Amino acid sequence: MQESYLPEQVERDTQAYWEQHQSFRAVEDATKEKFYCLAMFPYPSGRLHMGHVRNYTIGDVISRYQRMQGKNVLQPMGWDAFGLPAENAAIQNNVPPATWTRANIDYMRTQLKRLGLGYDWSRELATCNPEYYHWEQWLFTRLYKKGLVYKKTSPVNWCPHDMTVLANEQVVDGRCWRCDTTVERKDIPQWFMKITAYADELLDELDNLSGWPEQVRTMQRNWIGRSAGVDVVFTIAHSGEPLKVFTTRPDTLLGVTYLAVAPEHPVAQRAAKKYANVAAFIHDCAQVGTAEAVVETMEKKGIDTGLLAVHPITGDHLPIFIANFVLMGYGEGAVMSVPAHDQRDWEFARQYGLPVRQVITPIDATQVDLRVRAFTDKGVLIHSGAFSGMTSAQAFEAIATHLQKQHKGSKRTTYRLRDWGVSRQRYWGAPIPMINCKKCGVVPVPDAQLPVVLPEDVKFDGVASPIKKMAKFYKTTCPQCGGAAQRETDTFDTFMESSWYFARFTGPDNQRGMLDKRADYWLPVDQYIGGIEHAILHLLYARFYHKLMRDVGLVRSAEPFTRLLTQGMVVAPTFYRETMDNKKTYFGPADVHENCDERGRAVSAVLKRDGDAVRLGNIEKMSKSKNNGVDPQQLINEYGADTARLFIMFAAPPEQSLEWSDAGVEGAFRFLKRLWRIVYEHVQAGSAVAIQPAVLTDKQRILRRQTHETIRKCTDDMGRRFTFNTAIAAVMELLNAVSKFDDDSDQGRAVVRETLAATVLILAPIVPHIAHQLWQALGHDQPVLQAAWPLADDAAMVRDTVEIAVQVNGKLRGRIQIASDADRKQAETAALAEENVKRFLDGKAIIKVIVVPGKIVNIVVAGP
RNA sequence: GCCCGGGUGGUGGAAUUGGUAGACACGCAGGACUUAAAAUCCUGUGGAUAGUAAUAUCUGUACGGGUUCAACUCCCGUCCCGGGUACCA
């Protein structure tokens, strides 16, 4: 054993050992309990950042911990390789997205290997490979035949200057990020998957996902947003045409004072033909992107169409407005407005001088002032004819029934969840396997012609997808009639690939099918780990996809991920400069020098390169687009992978977001050096005998007790709570105790040997390289990788006395030592006898005494 | 706007079921070792007051209220920060 800790050498040797022994190769074995541990695969952006290090270290720690519990562990890794950044790089640097992406993968793979992550690399996959997306295309054509896939028009962000579709990220303050042109909404035909057909199951199954954080389940519930409501049919005066709206508050129907329709609604279009100002308003409404956050925060505007609607119950004539916040395609594209009982309607009515008609009054009959705001709670109906006096709940049923009888409405369950639009007008994605034939219409590509391979040798001569102009790609023959036909040139949303990769890892070499029986050995994933930013979209799509695969007979389970750990983001400051045309250029934290105030907060910053000021942005998740990722490479080069892993795990519990700072890395490194030295000095002094518990001295017993208490705590922290930071802290305390323990006797050394062995075993999942070496040094023939997790011995943890706190009126006044088996009476007597406590009881009447065994005694006295 | 989180010393964080706030670590200060430095080791470290000191008292978990014998923890309200918001992944 080396005297000093040389991480580079330790890590090189250990990794060579793993490589040589194929230590992480996962093999299906029906006789062993399996554990499939998966961390969300990365987008190959170029280099790892600290968020990756955190994500993959957590996964590796859990994998290694489970392995020490005797499980047959699968931990794979792959690449979410399609996506927008590759196209941006292609446009900027004139390099094909495939080339750029594969180079990034190669570099990032070496970085992951350097971190010592125990992956079964034989299962590696990249979603941009035809062998992968082949099966996604295959499934899509199956779903088309099942009626779960359809085409409809839907709005996109359109840049009229670049003549291209923009992602929401490419729209900055309503303008194109490249040319600063105001973005427009434009309707184009796109493919959709019927996720709403699974809405009930996706919602109801959340109740059974007990291994998921409640927070994530709540977010998904709200996102799916099942609500009961009523379709209400108004009619347009004069023409008598129906105008359907949906409401979750039919009890307020008698309070409707106007209707509002989307600018794209046929009623609005008709009014536009008649009135120039209406046409201008509609044109105005389209000058905004499609993002919900933008639509919901923009100024609410409307215009009167001049048309009137007839109320289905009262027959009143109500104005029909066009409103910029009503969206075509969500629901009916038209809403009924009840200013008295909906805050947005109230504000709109006030702005345009529309009447406010109260029809609900609070149950407790308190006064409501509708001049101040809308009253949005449920209550009792007034001014509602035959329905007056009913509660909101009663009126819901009564009004729905009434409308149904009159054929003017019916009850309906709706979802906030919308069908999944999977078409992208981009190049770097999996081609949608559909053919458009003039004669036969849409025809799916037959199985024998799959995969539809994306041409990789392309040049970007503009910003548009090159395959849209590539006849070689899109010209084809119709599989049905044999005539000339065109391929779909749109590609899939990249969420398609990430929705089933977890399943493909069970058999990535399968050339004949999407999945095989290995899937049912490994699935579902026992532990999934990834950023909280994926709480809704990715995790919901993956759940949906899993059910789709189940329903075509590929898997048996209903849900893909049994337990979910959502790690908090690693966030970092952003720095940018703004040009005259509002374009922002972001600079990495490594290229910037921050000036801090006396409290350590950054107040200004300059670019190191030129010394000129840059602006401070928000502190955000590390990302390519904001250029605020911190590359772990320097850290690893300087201190080694174990220090990097230990530091990131010690910095905070995994679910908490973490503002990046490398202050404290030294501490992690110091700890490993200390551990190495203590083990070195211990083994240099010779071997150790077996512990004889009966003959131990008090000090020996105390150290041994702390060892076993630490094992117990760390087992809970690492196996159940996932609070690796507190497990590490407990091990640090244990090591502090060992260095204070000065006893060279045989039994003294035996106790130290046991403590050091436990320390190495507990740390093995976190710092596997140093643990591998130290385990050998402590005299074990088997590698630590094959060692079992240590067991806490109850007999070693027995305590004779415990310290408990004594409070008077809830304030701490003293501490007492009492026998650990003392009863309440004994604890109370001891507490009352404590000197400082007696001072506070002096001359006061004791009202009661609360005893919490093993914790606290609180004496409640009268008076001040 | 809406949905979901978070806010504790100079810093990262601990307090697991309502029961001793600040474990562990960083930083800082002082000391030991050294010709010196690095490394290492030891001691102290929320704020205030009193005391030579041991120690004691008051105060303190974003802010304002409340429940309770007892609140970082539960409830109501406010502010600030982060994530998502369906084409960033």
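Just so we're clear, the structure is a prediction, and the values are computed from it rather than from any experiment. Labels below follow one simple rule: chain letters A, B, ... track the order of the sequence lines, proteins then strands, and each chain is numbered from 1.
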Contact class for [X] vs. all strands (heavy atom < 4.0 Å): base, sugar-phosphate, or nothing?
| X | answer |
| --- | --- |
| A:Asp80 | sugar-phosphate |
| A:Ile619 | sugar-phosphate |
| A:Leu84 | sugar-phosphate |
| A:Ala535 | nothing |
| A:Glu620 | sugar-phosphate |
| A:Val165 | base |
| A:Ala291 | sugar-phosphate |
| A:Asn836 | sugar-phosphate |
| A:Gln215 | sugar-phosphate |
| A:Arg670 | sugar-phosphate |
| A:His534 | base |
| A:Arg674 | sugar-phosphate |
| A:Val295 | nothing |

Of the listed nucleotides [options], the one nearest the side chain of [X]:
| X | options | value |
| --- | --- | --- |
| A:Asn168 | B:A86, B:U57, B:A15 | B:A86 |
| A:Glu533 | B:U57, B:G12, B:A89 | B:A89 |
| A:Tyr541 | B:A86, B:C69, B:U20 | B:A86 |
| A:Leu812 | B:A86, B:U16, B:U20 | B:U20 |

Any residue meeting side-chain hydrogen bond (donor to acceptor under 3.5 Å, both in side chains) with A:Arg226, in chain and number order, not counting sequence neighbours:
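Applying side-chain hydrogen bond (donor to acceptor under 3.5 Å, both in side chains) to A:Arg226 gives A:Asp200, A:Asp204.
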
Any side-chain N or O of [X] less than 4.0 Å from the OP1 or OP2 oxygen of [N]?
| X | N | result |
| --- | --- | --- |
| A:Arg418 | B:U85 | no |
| A:Lys855 | B:U16 | no |
| A:Thr494 | B:A89 | yes |

According to salt bridge (charged side-chain N to carboxylate O under 4.0 Å, His left out), who are the partners of A:Lys152, at least two apart in sequence or on a separate chain?
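Counting only residues at least two positions away or on another chain, A:Lys152 forms no salt bridge (charged side-chain N to carboxylate O under 4.0 Å, His left out).
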
Which residue, A:Tyr198, A:Trp191, A:Tyr541, forms the ring pair (Phe, Tyr, Trp, His ring centres under 6.0 Å) with A:Trp420?
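With A:Trp420 as partner, ring pair (Phe, Tyr, Trp, His ring centres under 6.0 Å) holds for just one option, A:Tyr541.
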
Base-paired stems that RNA chain B participates in, counting runs of 3 or more Watson-Crick or G-U pairs under 3.5 Å
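As far as RNA chain B goes, consecutive pairing (with distances under 3.5 Å) yields the stems B:1-7 with B:79-85, B:10-12 with B:24-26, B:27-32 with B:40-45, B:46-50 with B:55-59, B:62-66 with B:74-78.
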
Closest-nucleotide mapping onto RNA chain B: is A:Tyr43 or A:Gln656 further toward the 5' terminus? I mean the 5' end.
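Upstream on the strand: A:Gln656.
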
Earlier contact from the 5' end, RNA chain B, for A:Asn222 and A:Lys713:
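Nearer the 5' end of the strand: A:Asn222.
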
Sidechain N-carboxylate O distance under 4.0 Å for A:Arg416, A:Glu292
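Result for this pair is yes, salt bridge flagged.
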
Does a salt bridge link A:Lys838 with A:Glu835, judged by any charged N lying under 4.0 Å from a carboxylate O?
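The answer is yes: the pair qualifies as a salt bridge.
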
Classify the ring geometry between A:Tyr56 and A:His52 as parallel (under 30°), tilted (30 to 60°) or perpendicular (over 60°).
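Ring orientation, 0 to 90° scale: parallel.
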
Under 3.5 Å, is there a donor-acceptor pair between the A:Asp419 and A:Thr196 side chains?
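Judged by distance alone, the side chains do pair up.
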
For A:Arg674 and A:Ser739, which I'm curious about, is there any donor-acceptor pair between the side chains at under 3.5 Å?
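On atom types as modelled, these side chains qualify, holding a pair under 3.5 Å.
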
Using the C1' atom as the point on both nucleotides, what is the distance between B:G6 and B:U57, in whole Å?
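That atom pair is separated by 34 Å.
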
